[in-house]
Student: 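I have a structure I would like to understand better, so I am pasting it below and will then ask my questions one at a time.
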Amino acid sequence: MKLRPLHDRVIVKRLENETKTASGIVIPDNAAEKPDQGEILAVGPGKRNDKGELVAVGVSVGDRVLFGKYSGQTVKVDGDELLVMREEDLFAVVQK
């Protein structure tokens, strides 16, 4: 199944957090926080402004982004847990 987001929404796949601290302590899955970084898998066409003009989304597929812990709506697609969120819920693009 393929998802095509509408308007200014994006589909994000969470990136896995480190399961070991710098001092070597292993963090169990049930104690670990959900990661706040992800990779954009799909981008909507954009949103219309007050004049009716289409304003394109400022991120693209493959970008690594930061978002809030409770941002977006979680959906399961083909066994993968993905997030659907608005572009305004993204905090930043991580430069490589």
Student: How would you list all residue pairs meeting side-chain hydrogen bond (donor to acceptor under 3.5 Å, both in side chains) that involve residues 40-55, not counting sequence neighbours?
Tutor: N49-E53

Student: Within this structure, what is the CD-CG distance for the pair Q73 and L83, rounded to the nearest 0.5 Å?
Tutor: 9.0 Å

Student: What verdict does the side chain to side chain contact (heavy atoms under 4.5 Å, CB included) test give for V59 and V10, after you've listed the backbone C-alpha separation in whole Å, the side-chain angles of each residue and the deciding distance to 0.1 Å?
Tutor: CA-CA 9 Å; V59 293; V10 295; 4.0 Å; yes

Student: In this structure, would L3 and L41 fall into the same cluster of hydrophobic residues linked by side-chain contacts under 4.5 Å?
Tutor: yes

Student: My understanding is that only residues two or more places apart in sequence, or in another chain, count here; which of them pass side-chain contact (heavy atoms from CB on, under 4.5 Å) with A42?
Tutor: P5, I11

Student: Measure the spacing between CE of M85 and CG of L82 and express it to the nearest 0.5 Å.
Tutor: 10.5 Å

Student: Other than L54, which residues form its hydrophobic cluster under the rule that side-chain heavy atoms must be closer than 4.5 Å?
Tutor: none

Student: Would you compute the distance between atom CZ of R9 and atom CZ of R4 and round it to the nearest 0.5 angstrom?
Tutor: 13.0 Å

Student: Look at the side chain of E87 and the backbone N and O of G58, then say whether any donor-acceptor pair between them is shorter than 3.5 Å.
Tutor: yes

Student: Can you name the nearest heavy-atom pair linking F67 to Q37, along with the distance?
Tutor: CE2-C, 3.5 Å

Student: Which hydrophobic side chains are connected to F91, either touching it within the sub-4.5 Å cutoff or through other members that do?
Tutor: L66, V94

Student: Pair D8, R86 - check salt bridge (charged side-chain N to carboxylate O under 4.0 Å, His left out), show working.
Tutor: CA-CA 6 Å; D8 65 336; R86 291 188 175 277; 2.8 Å; yes

Student: If you look at every heavy atom in V57 and H7, which pair is closest and at what distance?
Tutor: CG2-O, 4.3 Å

Student: Tell me, please, which residues at least two apart from R64 pass salt bridge (charged side-chain N to carboxylate O under 4.0 Å, His left out).
Tutor: none

Student: Hey, quick one: are V55 and V43 part of the same hydrophobic cluster, counting side-chain heavy atoms closer than 4.5 Å, chains of contacts allowed?
Tutor: no

Student: Please name all residues satisfying side-chain hydrogen bond (donor to acceptor under 3.5 Å, both in side chains) with D89, sequence neighbours left out, ordered by chain then number.
Tutor: none

